[in-house]
Protein chains: 2
Amino acid sequence: MIRLEEVWRIYRVGESEVQALKGVSLEIRRGEHLSLMGPSGSGKSTLMHILGCLDRPTRGRYLFEGRDVGTLSDEERSLLRQREIGFVFQFFHLLPRLDALGNVELPMLFAGIPRGERRRRAREALDAVGLSDRLDHRPDQLSGGQRQRVAIARAVVMEPSLLLADEPTGNLDRSSAGEVMELLEALNRAGRTLVVVTHDPEVASRAPRVVRMSDGELLEEEG
Amino acid sequence: MIRLEEVWRIYRVGESEVQALKGVSLEIRRGEHLSLMGPSGSGKSTLMHILGCLDRPTRGRYLFEGRDVGTLSDEERSLLRQREIGFVFQFFHLLPRLDALGNVELPMLFAGIPRGERRRRAREALDAVGLSDRLDHRPDQLSGGQRQRVAIARAVVMEPSLLLADEPTGNLDRSSAGEVMELLEALNRAGRTLVVVTHDPEVASRAPRVVRMSDGELLEEEG
Ligand SMILES: Nc1ncnc2c1ncn2[C@@H]1O[C@H](COP(=O)(O)OP(=O)(O)OP(=O)(O)O)[C@@H](O)[C@H]1O
Ligand SMILES: Nc1ncnc2c1ncn2[C@@H]1O[C@H](COP(=O)(O)OP(=O)(O)OP(=O)(O)O)[C@@H](O)[C@H]1O
Ligand SMILES: [Mg+2]
Ligand SMILES: [Mg+2]
């Protein structure tokens, strides 16, 4: 479903450069569940942003279902993201002026889904992450783990074919973390591709395949 | 050193109210190392903000070294915070336009410490958290775990007598998490009081005392 071919991502900072990804090649089949691990600063979020069509490689190609994402217009890329990809960001990126319900409705609003259906599906998604008593709270009126769960609800509500979750349990206790992973895995069993970045070995071991990064490179996979 | 007496914190959201803390009483002796655990939304960050003089109780008292913080003027509270308290926020609150060095220098700038000394101490603190090659990166040019480490460096650089760390390892791999905890524990051995909120049982078990919360209340302590 997805192929990265010799992908490089190089950032400029003043006079120097940071090679965040160095010749990364990766193939992910449709419907796979994959964990991505590695030390802080090793390039995981950078890799996820390229997979999510939020960033382009400096060199190399990203093929999504055979289409070279680098050759798409901004509009085509944006449509691809909207329809196919759900992203749980490491730091959520919720809109501060919308409440939990409004934040989860947002992707559906962009997709032109009618109001009644938007509201119903947003409520269901928030209920699935245990937040039905927090629908009218804005992000600054929520705890850290509650914000994380709103971000998860927002990512899943469009039932995307590719789910990218960057540290989805970082702010959650054991029990909420388990519920979140069960939700993501249920979506995976329904056929969606799932990639989870995590520092938690317990979360990582829930996936049949674990890919590790170090200093911008993918390491040899075990097994 | 610190005493909370029957502390309540009640938030208003529209028509309803959220009782985030319900009659919490807690005593922490000078130089203690304490872990605070509990489910997402149970009131940990709310408790930490009151301990850090960033928020006031709705009812009850907070005594810092015998002084009732509720009776201090805003200016006195602000001075107390600046001199005595270091806070690692769950979501860091770094200033986006300052680089890592500038962010860590900030508390010293407020304290009127001269430029040369500020620079030297900021470099040392960032070196202690493994970021000496990222001094000139702004927060948006840092990974999640790197931002967390800048927040830690900033909290410790003034050598405060009370260190409050809200999920300081949430975005860190095992090895970086270990280094951060060793840094905080070294400061604790030097006499500073250390309170760590964490969802990670391994991090919690490093403290001689673990306090648990549930739904706004402190539970009976074991041992
Ligand atoms: N916009 C940017 N400009 C310059 N350097 C950057 C930028 N974004 C990230 N970096 C650097 O690229 C490297 C990889 O960052 P990335 O966010 O992908 O790491 P990560 O593996 O997600 O880390 P973490 O586990 O801490 O979240 C880091 O060393 C970081 O400092
Ligand atoms: N400004 C606010 N207005 C209304 N409710 C709030 C506000 N801030 C927090 N809350 C609510 O108070 C409760 C406690 O929040 P708090 O942030 O202290 O939880 P926490 O234990 O730190 O959770 P986490 O582990 O998820 O970070 C939550 O249920 C939250 O929804
Ligand atoms: Mg990251
Ligand atoms: Mg919290």
Side-chain angles (χ1 to χ4, degrees), chain A residues 11-16 18 20 37-46 48 89-92 94 99-100 129-131 133-149 166-167 169-177 179-180 197-202 204 212-214 216, chain B residues 11-16 18 20 37-46 48 89-92 94 99-100 129-131 133-149 166-167 169-177 179-180 197-202 204 212-214 216:
Chain A
Y11 295 111
R12 285 252 132 58
V13 182
E15 292 291 310
S16 52
V18 175
M37 297 189 86
S40 173
S42 55
K44 307 178 298 296
S45 295
T46 302
M48 292 288 269
F89 294 96
Q90 192 168 2
F91 300 110
F92 325 149
L94 301 177
D99 61 15
V129 294
L131 289 177
D133 61 348
R134 290 285 183 274
L135 302 181
D136 61 346
H137 284 232
R138 292 183 319 266
D140 66 313
Q141 295 170 321
L142 293 171
S143 80
Q146 290 168 345
R147 287 176 213 171
Q148 187 150 42
R149 283 180 275 157
D166 196 346
E167 315 252 12
T169 64
N171 287 286
L172 300 177
D173 54 280
R174 270 273 153 279
S175 142
S176 309
E179 287 170 22
V180 155
V197 169
T198 184
H199 283 304
D200 189 335
E202 254 179 71
R212 290 171 192 277
M213 292 190 70
S214 174
Chain B
Y11 295 111
R12 283 252 132 57
V13 181
E15 292 290 311
S16 53
V18 174
M37 298 189 86
S40 174
S42 55
K44 306 178 297 298
S45 295
T46 301
M48 292 287 268
F89 294 96
Q90 191 168 0
F91 300 111
F92 322 151
L94 301 178
D99 59 17
V129 294
L131 289 177
D133 61 348
R134 290 285 182 274
L135 301 181
D136 60 347
H137 283 231
R138 290 184 318 267
D140 64 314
Q141 296 169 322
L142 293 170
S143 79
Q146 290 168 344
R147 288 177 213 171
Q148 188 151 41
R149 285 180 274 158
D166 196 346
E167 314 255 13
T169 64
N171 286 286
L172 300 177
D173 53 280
R174 271 272 152 277
S175 144
S176 308
E179 289 171 18
V180 156
V197 170
T198 183
H199 284 304
D200 188 336
E202 254 179 70
R212 290 170 192 279
M213 291 191 70
S214 173

Got a sec, which residues hit salt bridge (Lys or Arg N to Asp or Glu O under 4.0 Å) with B:D200, two or more places apart in sequence or on another chain? B:R174
Counting only N and O atoms by type, is there a donor-acceptor contact under 3.5 Å from the side chain of A:Q148 to the main-chain atoms of A:N171? yes
With sequence neighbours excluded, tell me which residues meet ring-ring contact (aromatic ring centres under 6.0 Å, His included) with B:F89. B:H49, B:F87, B:H93
Assert top hit (heavy-atom pairs under 4.5 Å, partner chain A, pool B:D166, B:V13, B:V18, B:D133) equals B:V13
What part of B:S175 lies closer than 4.5 angstrom to a heavy atom of chain A: side chain, backbone, both or neither? neither
Against chain A, label B:F91 side chain, backbone, both or neither, depending on which of its atoms sit under 4.5 Å from a heavy atom there. side chain
Name the option with the most non-hydrogen atom pairs under 4.5 Å to chain A; the candidates are B:Q141, B:M37, B:K44, B:R138. B:Q141
Got a donor-acceptor contact below 3.5 angstrom from the A:R147 side chain to the A:L142 backbone? yes
Show the numbers, then the answer: is there a side chain to side chain contact (heavy atoms under 4.5 Å, CB included) between B:V180 and B:L172? CA-CA 9 Å; B:V180 156; B:L172 300 177; 3.7 Å; yes
From the list A:G144, A:S16, A:G145, the residue making the most non-hydrogen contacts under 4.5 Å with chain B is A:G144
Say whether, by atom type as modelled, one donor and one acceptor occur between the side chain of A:D173 and the main chain of B:S40 under 3.5 angstrom. yes
Looking at chain A, which one of B:A177, B:G43, B:P201, B:S143 has the largest number of heavy-atom pairs inside 4.5 Å, strictly under? B:S143
Among A:G41, A:S176, A:S42, A:G130, which residue has the highest count of heavy-atom pairs closer than 4.5 Å to chain B? A:G41
